[in-house]
2 protein chains.
Amino acid sequence: MPADPPALSPPATVEAFRDQLLGLSGNLPRRLQQCADHVARNLDAIALSTVAQLAQGAGVPPSAMMRFCQIMGFSGYAEMQRLFRSALARSAPDYATRLANLKAGGAGHPSTLVAEFVEAGRQSMEALARDLNETALNQAVATLSHAKTIHLAGFRRSFPVAAYLAYVFDKLGIAAVLHDGVAGLAHRATLQRGDALLAITFAPYSDETLALARQARASGLPVIFLTDPPATGLAPLGDTILTVAEIDFGAFRSLSAAIALALSLAVAVAARRET
Amino acid sequence: MPADPPALSPPATVEAFRDQLLGLSGNLPRRLQQCADHVARNLDAIALSTVAQLAQGAGVPPSAMMRFCQIMGFSGYAEMQRLFRSALARSAPDYATRLANLKAGGAGHPSTLVAEFVEAGRQSMEALARDLNETALNQAVATLSHAKTIHLAGFRRSFPVAAYLAYVFDKLGIAAVLHDGVAGLAHRATLQRGDALLAITFAPYSDETLALARQARASGLPVIFLTDPPATGLAPLGDTILTVAEIDFGAFRSLSAAIALALSLAVAVAARRET
DNA sequence: GCCGAAATAGAATAAACGTTCCACACCTTG
DNA sequence: CAAGGTGTGGAACGTTTATTCTATTTCGGC
């Protein structure tokens, strides 16, 4: 009597849990498959749900969910839930309290400002993950990975993003030109057949960036915009439009989401080129 | 028989809870005060703890914690916990799932990269909030708010941060010079009595930045470093050292925490100058 | 279409947990 | 010092929730 399924051992991390779930999924009896599907889609709900709630969500009786926990290697639901609770607890351990304490210093105090910017940055990150347009991103990667030279445009508050991209592309060995406006040069002649333009600009859009985009368009080069929603008026100027809903604090934005997206773009392009 | 304490109503948000707690604290019987203190310090633990655990942490019997919940206006512990659970559920509602879905695309896919950078950025933000050295920050603000001109140094991957600071200071009407190395100029003569240097550099530190710091030091100007821990070797070169533990993904970092800290610094300096 | 094994649902059981209540201690007030 | 009120701890209660068990159904192979 060999233990028919090799009696899986309980995963120690949420990632391991996902992997194990993926391995099981597909050749599972009907009810257990329902459990697997619902659990996979609601991983973060487990920490706060009861078996009954989770089972109802999956459309199965609680006992089925119970069996599901056991074939995943846990002794029962309680043990499985412990995994997700500790993951959740680690993510917020003292962070929320700490933020509140920083803010408690009072408006205007430096630490309060840090708390506000941190909060804004975190929200921006979450917004980026939530609202990312994968189609546009893939399209942008495809375009840029075929470009002979990538032209980067970004002025004023977008300049740091463009400058960082220039640094990263340089590190990655990808030909990129930063149009920084030094010496008032427009570098018009550098836009050549086979190149592409990546324009970073937030409303109100800077004239220099728009002018460069128009020119690239006129020369038949693909133009990609990295901007904030709703990106009104940019559609006729760009082939691909990536939007980032950055949260401002006061008059300033942390740029964190824009940089994260820009970096992803750069690394993805590098990966695509190597293959 | 007037209801001695006006019978508080249950707070509807975590912020309201904090306020109500602060209002009560101070004139509370001994055990209840212990509860209040422990709860205030562990707000985020409530969502996942049982009465017994929370009470043990506070060093009181469960029944005391029970009474605490009731004077806060709740019917009992369950109702109080509901508040924190829903707050926790809202913070992760689809975010974690969404991240997981993005990653599910597979390694190398653009959306996976975005997920990784978002995660790294978020962790960096939390690390910043957790490890912020308020003393150093206040000191930096004090120094910079007295400076006639603020000199900004930052090369290579620190350059975007320095460049953004230059933009922000300009917007705020504060005199700042970005030492960008254009045309190979060292701008040595611009370091004048009454100025201050804000040097942004991550290990391995760039020679240009260190050279500038040494020179400023020799001229008797205060030097502030914005760098990553452990900042070995910088102590003799700087008066104030601000550290940011930025999380890398792959070879690149999102700079989000560094920018958030830099922005806070800039806004705090502006606020200080106006008064 | 029958037989064996696996899967399932629902009820029964057990454990964990929140909640209440009461007797006792303490502190204040007359 | 006595009496009343308030604060306190622990035990008992009832509810919720996890878990197990078993009768029944479903499915696959002969």
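Every value quoted in this text rests on a predicted model; they were computed, and no experiment measured them. A, B, ... follow the sequence lines: proteins, then strands. Residue 1 opens every chain.
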Q) How would you label the contact of T50(B) with the nucleic acid (heavy atoms, under 4.0 Å): base, sugar-phosphate, or nothing? A) sugar-phosphate
**Q.** Candidates dG18(C), dT19(C), dT8(C) - which lies nearest the side chain of M66(B)
**A.** dT19(C)
**Q.** Length of the OH-P vector between Y77(A) and dT16(D), whole Å
**A.** 18 Å
Q: Could you tell me which non-hydrogen atom of L226(A) sits nearest to which non-hydrogen atom of V244(A), and how far apart they are?
A: CD2-CG2, 3.8 Å
Q: May I ask you to verify if any side-chain N or O of R31(B) is less than 4.0 angstrom from the OP1 or OP2 atom of dG9(D)?
A: yes
Q.
Does dA7(C) have OP1 or OP2 under 4.0 Å away from a side-chain N or O of R67(A)?
A. no
Q: Rounded off to whole Å, could you give me the CZ-to-P distance for the R85(A) and dT17(D) pair?
A: 11 Å
Q: List the atom of V114(A), the atom of L137(B), and the distance in Å for their closest heavy-atom pair.
A: CG2-CD2, 3.7 Å
Q.
With a 4.0 Å cutoff (strictly under), does any side-chain N or O of Q70(B) reach OP1 or OP2 of dT20(C)?
A. yes
**Q.** Test: R253(A) cationic atom under 6.0 Å from F202(A) six-membered ring centre, within 45° of axis
**A.** yes
Q: Quickly work out the M65(A) CE to dA18(D) C1' distance and round it to whole Å.
A: 13 Å
(Q) Ring centroids only, cut at 6.0 angstrom: are Y77(A) and F68(A) within range, meaning strictly under it? (A) no
